[in-house]
Amino acid sequence: GVTFAMSAEALQGLPEAVKMAREYALLGSYDTSCVSFDGAIGQIQQYLRTVKDPAVRDAWGKTKKNLSEELQIVKELAEELTFLRETPGLRDAEPVRKMSAPPAAMSPAPTPPTWSAAGWGGGPAAVPPAAWGAMGAPP
């Protein structure tokens with residue numbers, strides 16, 4: 001229906017956005033990574049507003065949570081880098097900062113089998129994030 005088409009459209013480019021967010025983080029471009037993660041999380045949030053199926057909502061909600069955890073880690077890395085770049089002696093000594101434990105979400109970008117180069121294939125409802133495994137959602 002029309003709602004599904006609008007829903008699928010809300011997720012257009014999501015795998016690429018997540019992949020780019022992770023690549024930027026690996027390259028040390030933390031600010032750019034955060035922008036990409038924020039965009040991906042926003043896309044999922046927009047999609048969740050249209051989803052009625054509780055199982056699909058739950059699966060995508062978990063994916064959103066996992067991406068939010070990854071975003072938090074990238075923000076902490078950016079803060080740590082800023083801390084390390086400060087001139088020694090200008091700041092009171094602080095204990096070593098504790099980083100968040102990496103979530104299970106830190107894995108390769110999603111590549112669901114039904115997505116095709118031409119479009120979504122079976123659509124996001126047909127392959128909920130729980131089936132991905134790539135973004136940390138339980139199988």
Side-chain angles (χ1 to χ4, degrees):
V2 174
T3 303
F4 178 75
M6 289 174 21
S7 297
E9 190 176 293
L11 294 174
Q12 199 71 33
L14 180 63
E16 185 65 20
V18 172
K19 179 182 175 187
M20 294 306 298
R22 290 172 174 164
E23 286 182 17
Y24 284 126
L26 286 171
L27 295 172
S29 298
Y30 300 122
D31 291 340
T32 305
S33 176
C34 287
V35 170
S36 294
F37 271 119
D38 281 334
I41 292 166
Q43 282 181 271
I44 293 171
Q45 184 62 41
Q46 182 179 354
Y47 174 67
L48 285 172
R49 289 187 194 113
T50 67
V51 176
K52 304 294 185 234
D53 182 328
V56 173
R57 284 187 63 79
D58 183 56
W60 280 103
K62 288 177 183 174
T63 299
K64 180 183 163 203
K65 179 181 177 285
N66 289 340
L67 288 175
S68 295
E69 290 173 0
E70 284 188 57
L71 172 60
Q72 184 58 39
I73 290 169
V74 172
K75 286 179 178 180
E76 289 174 5
L77 287 170
E79 289 174 14
E80 190 68 17
L81 185 60
T82 299
F83 175 76
L84 292 172
R85 286 183 175 161
E86 289 182 359
T87 305
L90 293 180
R91 184 177 195 167
D92 293 335
E94 293 184 20
V96 176
R97 296 172 182 229
K98 285 185 79 173
M99 299 294 287
S100 299
M106 298 296 281
S107 59
T111 53
T114 61
W115 286 348
S116 68
W120 283 96
V127 182
W132 296 6
M135 292 174 54

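Basis for what follows: all heavy atoms, side chains included, without hydrogens, waters or symmetry-related copies.
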Lys/Arg-Asp/Glu bridge criterion (N-O < 4.0 Å) met for E69, K65: yes
Spacing of CG belonging to D38 relative to CD belonging to Q43, to within rounding of 0.5 Å: 11.5 Å
Hphob cluster co-occupancy, L71 + L67, side-chain heavy atoms under 4.5 angstrom: yes
Note, V35 side chain near M20 side chain (heavy atom, < 4.5 Å): no
Shortest non-hydrogen separation from R49 to R57 and the atoms involved: N-NH1, 4.4 Å
Separation between CG of L84 and CD of E86, rounded to the nearest 0.5 Å: 9.0 Å
Flag side-chain contact, heavy atom, 4.5 Å: V51 against W60: no
Pairwise distance SG(C34) to CD(E70) - rounded to 0.5 angstrom: 11.5 Å
Nearest-0.5 Å distance, CD of residue Q46 to CG of residue L48: 10.5 Å
Spacing of CD belonging to E16 relative to CD belonging to E23, to within rounding of 0.5 Å: 7.5 Å
Common cluster, Y47/L14, ILVMFWY with side-chain heavy-atom separation under 4.5 Å: yes
Non-hydrogen side-chain atoms of R22 and F37 separated by less than 4.5 Å: yes
For the student: nearest non-hydrogen atoms of Y30 and A78, plus distance: CB-CB, 3.7 Å
CG/D53: more than 12 non-hydrogen atoms of other groups inside 6.0 Å: yes
From Y24 atom OH to S33 atom OG, the distance as rounded to the nearest 0.5 Å: 9.5 Å
